[in-house]
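Positions are given from 1, in the same order as the sequence printed here. Just so it is clear, the model here is predicted, and its values are computed rather than measured.
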Amino acid sequence: MSWKTHIEELRARERLAEQMGGEERVARQRSMGKLTVRERVAFLADPGSFHEVGKIAGKAGYGPDEQIAEFLPATMVFGRATLNGRPAVILGDDFTVRGGASDASIAGKMLMAEQMANEYGMPIVRMIDGTGGGGSVKSLEQNPRTYIPTTPAWEWLVANMARAPVVSLALGPCAGLGAGRVAASHFSVMVKGLSQVFVAGPPVARAIGEDIDKEGLGGWEINGRNGVVDNVVNSEHEAFEQARRFLSYLPANVDEAPPVIQSDDDPSRREEFLLDIVPKDGKTPYMPRRIIAGVCDRDSFFEIGALWGRQVVTGLARMDGHPVAIIAGDPFFLDGAWTADACDKVVRHIDLADTFHLPIVHFVDCPGFAVGVKHEKAGVTRRGVRAMAAVYQAQTPILPVVIRKAYGLAGSAMFNPTKTRWRYCWPSGDWGSLPMAGGIEAAYKRQLEAAADPEAELKALYAKFEAMRSPFRTAEAFIAEEIIDPRDTRPLVVDFVRHAYRVLKTGPRATGMRP
């Protein structure tokens with residue numbers, strides 16, 4: 001006796017699942033410029049590596065002969081694959097089936113995907129399109145009662161923030177649980193004009209008196225600039241590539257070290273342009289990304305969060321093939337002063353680096369926390385102190401390279417100085433408890449008022465204190481421990497990173513990273 005007929009039925013059911021929501025709904029998905037969930041899986045995963053789990057789960061209807069007469073697949077596709085040769089879990093919403101809303105099997109798929117990533121220590125990539133497993137008013141027709149809400153698999157989403165890398169790709173309108181799943185990740189991406197992220201969509205917004213469309217409510221201009229999502233791209237293909245690249249810097253889970261690759265970039269490379277990239281007037285901005293490119297392995301810098309908290313540049317890179325996290329002040333935006341959102345960005349990036357054991361290279365140029373009513377209303381003090389706490393609590397090694405300004409509380413938050421002060425300073429360094437501009441006038445007010453020539457007296461005071469600002473005088477007191485030739489930065493940072501990897505401690509942090 002053979003089981004051939006059962007295998008034939010299995011294959012027939014699999015073919016029904018591959019039809020997704022049917023020809024009409026698939027055509028509608030493509031007419032919106034969107035790929036189907038199965039096309040997305042094919043483009044994201046290494047060719048031929050995807051092994052689907054629960055393919056034939058869904059809702060079936062049976063005829064009088066008890067043979068399957070109709071079938072609507074589950075609104076999620078889930079399985080294991082490899083990305084750049086490394087194992088990962090993939091979970092994708094199928095918008096062609098009831099807009100990705102919940103069904104009888106979706107909670108099980110979502111839970112199993114998140115639990116598998118956690119227990120087997122694999123990264124997970126979520127491709128979110130719709131409510132992402134959230135509720136629908138229409139579901140009340142099948143179960144005519146309301147309920148106290150619970151969030152499927154949320155305990156595993158939280159646990160994974162402390163366990164394995166989580167990437168969320170917003171590939172359509174993401175509302176409710178879908179929006180929550182976008183935010184509950186280590187790295188998130190949305191596509192311009194294709195995806196939106198919001199707590200509830202325009203119909204619900206209209207119920208509270210706001211008449212607005214999806215893009216105006218949760219488009220990339222909003223979420224790319226407020227930090228809800230990390231990066232914004234122009235196409236789904238770019239989103240898949242960013243997911244793969246982000247994961248290439250991280251270990252599979254917190255029990256492993258980041259993956260070191262063979263680098264063909266000379267670790268002793270010295271870039272001449274670094275000698276004069278910082279203007280001598282102390283005011284004119286320079287391009288911090290050029291410094292990052294000059295110091296890190298060529299073409300290895302992967303920026304994260306470019307559109308928000310722009311006073312700080314953050315991203316991942318490699319030094320002699322070793323993954324590192326990068327933080328750099330950007331003087332093009334408020335002279336690099338830390339605003340409330342810049343502080344949030346620093347916290348998020350340090351937490352990411354600390355969770356996955358990435359040494360941090362901090363190119364310091366910070367005149368302090370942003371000053372003024374606007375920034376006080378935004379809560380810069382509390383959020384700034386939170387950023388300082390993140391720096392001090394981090395267990396991963398941090399190397400500051402002081403490029404220019406380091407003033408006040410924010411300027412001090414370059415590393416935890418109670419640990420070994422492994423730090424380099426450029427001759428352009430300019431530091432102190434507060435900037436001298438304006439401070440001299442306040443401190444010497446009476447002397448200036450009594451002077452026969454107040455203007456000349458002020459000029460003399462400025463000349464006196466300008467000499468005191470020399471980084472070499474700081475070095476005399478062993479406070480600027482090493483002033484270096486900027487051209488030596490790469491070899492010295494490579495040396496630090498090699499030592500950092502010798503002492504890296506793997507395993508979970510005391511507290512997991514929060515979204």
Salt bridge between Asp341 and Arg225, side-chain N to carboxylate O under 4.0 Å? no
Which residues pass the salt bridge (charged side-chain N to carboxylate O under 4.0 Å, His left out) test with Arg86, not counting sequence neighbours? none
Test log, rule side chain to side chain contact (heavy atoms under 4.5 Å, CB included), inputs Phe363 and Val295: CA-CA 10 Å; Phe363 296 100; Val295 174; 4.0 Å; yes
Any salt bridge linking Asp485 with Arg487? Criterion: basic side-chain nitrogen under 4.0 Å from a carboxylate oxygen. yes
Six-ring centre of Phe415, Arg423 cation under 6.0 angstrom, axis tolerance 45°: no
Mind checking whether Pro258 and Tyr501 have side chains closer than 4.5 Å, heavy atoms only? yes
For the pair Arg318 and Asp265, find out whether any cationic side-chain nitrogen is under 4.0 Å from an anionic carboxylate oxygen. no
For a quick check under 3.5 Å, do Asp488 and Tyr424 share a side-chain donor-acceptor pair by atom type? no
For the residue pair Arg244 and Asn84, confirm or rule out a side-chain donor-acceptor distance under 3.5 Å. yes
Can you run down the ring pair (Phe, Tyr, Trp, His ring centres under 6.0 Å) pairs that involve residues 209-250, sequence neighbours left out, and say none if there aren't any? Phe43-His237, Phe187-Phe246
Hey, are Ser168 and Arg126 close enough side-chain-wise for a donor-acceptor pair under 3.5 Å? yes
Check Asp297 with Arg490, please: is the shortest side-chain N to carboxylate O separation under 4.0 Å? yes
